[in-house]
J.: 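Once you've had a glance at the structure underneath, I'll fire off some questions.
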Amino acid sequence: MTAPTKHAKLVAWVDEIAKMTQPDSIVWCNGTKAEYDSMIKIMVDAGLATPLKKRPNSFLFRSDASDVARVENRTYIASKSKDDAGPTNNWIDPSELKDIMKKLYKGCMKGRTMYVIPFSMGPIGSPIAKIGVEISDSEYVVTSMHIMARVGSKVLEVLGDAGEFVPCLHSVGKPQLSCQDDLGQWPCAPLDKKYIAHFPEEQTIWSYGSGYGGNALLGKKCLALRIASVIARKEGWLAEHMLILKITNPEGKAKFVAAAFPSACGKTNLAMLVPTIPGWKVETIGDDIAWMKPGKDGKLYAINPEAGFFGVAPGTSMDSNPNAMHSVAKNTLFTNVALTEDGDVWWEGIGYDAPGKLIDWNGKSWTQDKANKAQAPSSHANSRFAAPATQCPAIAAEWEDPAGVPIDAILFGGRRPSTIPLVHQAKSWNHGVFMGSIVGSEITAAALDLKVGSVRRDPFAMLPFCGYNMADYFTHWIKLGEKTPAASQPKFFFVNWFRKTKEGKWLWPGYGENSRVLKWVFEQCDGTGKFVETPIGMMPTVDGIDLPAGVTAEDMKELLSVDVAGWKAEIADVRAEHYPKFGAKLPKELVAELEAIEKRLG
Ligand code: GTP
Ligand code: SPV
Ligand code: MN
């Protein structure tokens, strides 16, 4: 196929990669529905995709057991200097890594088609958007990119013959086989051959051996977070692992909230929340990534660079997240959930019992056995749906506005069964940066190689996604605060929906009831909230947040009190274990915040 572009650099790169990977043919993707349908047909014929009778134009995929999530220990920031990757990233010398990967890429697309996927993160042609071109030998990647990014000929038009793009190379790493030859087996390489590599100085991404999510859809975590964070630091803006929502009070006054929670800690759910408080409205702008730039008025303006949701399936129900359920009613790709006999999907926490005999995510027959608490789940804990953002009934009118939305509040959060209260507010920008820098959360199934359940520090929910030295990232945030006039600064909050009782039950009902916390956040931004000063920051008074049904006054007191002993242990851990990782690069402002909170706790 001749290249549908006169962009010499792009054509030369595609040539070079084709010589190395030796595909049977090359297809330039145009982003049309016909193209999408033809890719789906290839995968259905090859036994890789199952059409879902109950959901129009929707398909189920089952991946390989080694390929169900991001793999953090196979993800690399290959900057020239190790110090630029910093203490929290995996680093290899870029030329050494390229040598290793070139050997793997050599001939790796034999028997397959090489797809060239031009995509835009952010509305096509908008000054805030970034263009990437992904080369991939996976039809699953092509169709998923159609949903998650803006793909096709229009992007090439904007690129012209000399526009800038981020080259993103991807292979599933299973050479000598076509999609048909995969015999219905999800193609990928074994774990020790998987590499998710970033070359920040060249702004290039090389991914090998995985076909799943953030490892393979390179516009998302690789470009829009790891590479974009490097660009953002240089240019004075922020690329963050944050949802963006619009909240409107009964009087029609709106505010915009961004929130950074680690993977599988509730961003999609909060972004699509249906408030339980009458008269309040929440609308979705983004559920995973925010690019925030200071506007002329000094405020941070945020856009969602994505075009779809790649959301966690388990736990999603008409009760917990009806907007997500409506979003996945059609045109959706499901991966690693269970299949029902009548051609629908099912997963743990979907809100009703499994109807009859299912096929689980491993492809085996599975019947629900409620008496057996140890029964293996039908769906992988990190099973996901990919659905177009336009299908969300709560999508905000502003969601594609290239100007972005002015952010009033930034929330941090994580899964913390104890110590961290339901909500507290930072006293200042730097206190907010301190809060972000110490985020801790129980590890979830969103990464394959980590021990689920143990608490780890995940600063700004960016631990797996910051493309440079995390200490420099903290400094970048501090400096941005210095440049932002006080009146334009967002307020910073820390939330925790995941407190548990001694018996292991949730202390807070979460989901739609989180609107009560959002209401207090709104009021604090407006100066009308009821709050008290505490050693850890501002907190709601006992009557500052209305009690949801089922939460006793005693529970609420526990949710809204400062556990001084717990906090002393928390802060001692920051001083002894967390902050020392960053050495001399740790900004002095954060040390000052640490000393101040130690003093306030007594
Ligand atoms: P990524 O896509 O990995 O970045 O995840 P996310 O941060 O968007 O998390 P998501 O909203 O998909 O939620 C992950 C899991 O947490 C799901 O199983 C949800 O049902 C559950 N969850 C979300 N919000 C709440 C909440 O308020 N309370 C409780 N108990 N669980 C929640
Ligand atoms: C995450 O892990 O934060 C995700 C899923 O959003 S993935 O796209 O696979 O990174
Ligand atoms: Mn995420």
Side-chain angles (χ1 to χ4, degrees), residues 63 67-72 75 144-145 148-149 196 207 210-226 240-243 245 259-274 276 284 286-290 306 308-317 319-321 323-325 327-328 335-336 347-351 377 379-386 411-417 422 441-448 450 452 458 461-465 495-500 504-518 548:
S63 77
D67 209 27
V68 292
R70 289 181 293 100
V71 270
E72 294 190 5
T75 301
S144 300
M145 286 295 284
M148 296 304 299
I196 322 298
S207 165
S210 167
Y212 200 81
N215 298 337
L217 314 177
L218 302 185
K220 193 174 174 63
K221 301 298 157 114
C222 299
L223 195 162
L225 287 178
R226 298 195 190 96
E240 299 298 329
H241 190 203
M242 292 182 184
L243 68 91
L245 65 80
F261 309 155
S263 300
C265 290
K267 287 183 300 301
T268 301
N269 278 269
L270 191 68
M272 296 183 186
L273 169 148
V274 179
T276 48
T284 314
D287 82 323
D288 199 51
I289 299 179
E306 300 193 274
F309 309 121
F310 185 59
V312 175
T316 310
S317 71
D319 262 349
S320 66
N321 192 348
N323 285 321
M325 290 304 278
S327 303
V328 304
T335 310
N336 291 340
W347 51 74
E348 281 64 31
I350 197 170
S379 304
H380 189 276
N382 192 46
S383 55
R384 294 200 177 234
F385 52 79
L411 275 45
F412 300 110
R415 289 177 182 261
R416 294 298 300 269
L422 182 62
S441 186
E442 286 181 332
I443 289 168
T444 67
L448 179 59
L450 303 172
V452 173
D458 186 348
M462 282 289 276
L463 184 70
F465 308 120
V495 298
N496 179 21
W497 321 138
F498 298 97
R499 278 289 280 267
K500 283 187 177 163
K505 292 230 164 70
W506 300 122
L507 204 50
W508 176 253
Y511 302 104
E513 298 291 11
N514 295 335
S515 57
R516 296 176 196 278
V517 176
L518 287 181

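Both ligands and their constituent atoms are indexed starting at 1 by order of listing. Atoms considered below: every heavy atom in the structure, side chains included; atoms not considered: hydrogens, waters and symmetry mates. For reference, positions follow the sequence shown, starting with 1. In this text, all values refer to a predicted model and were calculated from it rather than measured experimentally.
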J.: Could you report the tightest heavy-atom contact between G413 and P262, atom names first, then the distance?
T.: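 Here G413 and P262 meet closest at O-CD, 3.1 Å.
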
J.: Apply side-chain hydrogen bond (donor to acceptor under 3.5 Å, both in side chains) to the pair D67 and S210, showing each step before the final yes or no.
T.: CA-CA 6 Å; D67 209 27; S210 167; 2.6 Å; yes

J.: Side-chain contact, heavy-atom cut-off 4.5 Å: N269 with V312?
T.: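 No. Closest side-chain heavy atoms not under 4.5 Å.
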
J.: List in chain and number order the residues that pass side-chain hydrogen bond (donor to acceptor under 3.5 Å, both in side chains) with W347, two or more places apart in sequence or in another chain; answer none if no residue qualifies.
T.: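 If we apply the side-chain hydrogen bond (donor to acceptor under 3.5 Å, both in side chains) test to W347, skipping adjacent residues, there are no hits.
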
J.: Examine K221 relative to F465 and say whether NZ or CZ is less than 6.0 Å from the centre of the six-membered ring and inside a 45° cone about the ring axis.
T.: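 Positive - K221 is close enough to the ring of F465 and near enough to its axis.
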
J.: So among L270, L273, T284, which one has a side chain to side chain contact (heavy atoms under 4.5 Å, CB included) with L245?
T.: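 In the set L270, L273, T284, the residue that makes a side chain to side chain contact (heavy atoms under 4.5 Å, CB included) with L245 is L270.
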
J.: Regarding S263 and R70, do their side chains bring together a donor and an acceptor under 3.5 Å, going by distance alone?
T.: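 There is such a pair between these side chains.
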
J.: Using a strict cut-off of under 4.0 Å between a residue heavy atom and any atom of ligand 2, list the qualifying protein residues by chain and number.
T.: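 If the criterion is a heavy atom under 4.0 Å, then ligand 2 touches R70, G213, G214, K220, K221, H241, S263, D288, F310, R384, A446, F465.
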
J.: How close do K500 and W506 get, counting heavy atoms only, and between which atoms?
T.: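 In terms of heavy atoms, the two residues are closest at CE-CZ3, 3.5 Å.
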
J.: Contact residues of ligand 1 with a heavy-atom cut-off of under 4.0 Å?
T.: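 Residues near ligand 1: H241, P262, S263, A264, C265, G266, K267, T268, N269, D288, F310, V312, P314, G315, R384, R415, W497, F498, W506, G510, Y511, N514.
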
J.: Can you see whether S63 engages N336 through a side-chain donor-acceptor pair at a distance of less than 3.5 angstrom?
T.: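 Yes, side-chain donor-acceptor contact under 3.5 Å.
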
J.: Determine yes or no for a side-chain-to-main-chain donor-acceptor pair under 3.5 angstrom, with S320 supplying the side chain and G315 the backbone.
T.: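 At least one qualifying donor-acceptor pair exists.
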
J.: Between K220 and G214, is there a donor-acceptor pair closer than 3.5 Å when you use the side chain of the first and the backbone of the second?
T.: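 No, K220 side chain to G214 backbone: no donor-acceptor pair under 3.5 Å.
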
J.: For the Mn ion (ligand 3), check which protein N, O or S atoms are under 2.8 Å away and list them.
T.: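 Short answer, with waters excluded from the count: K221 NZ, H241 NE2, D288 OD1.
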
J.: Quick check: closest heavy atoms across S515 and T276, and the distance to 0.1 Å?
T.: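 Closest pair (atom of S515, atom of T276, distance): OG-N, 3.2 Å.
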
J.: Quick one, V495 and F261 - any side-chain contact, counting heavy atoms below 4.5 Å?
T.: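 Side-chain contact under 4.5 Å: yes.
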
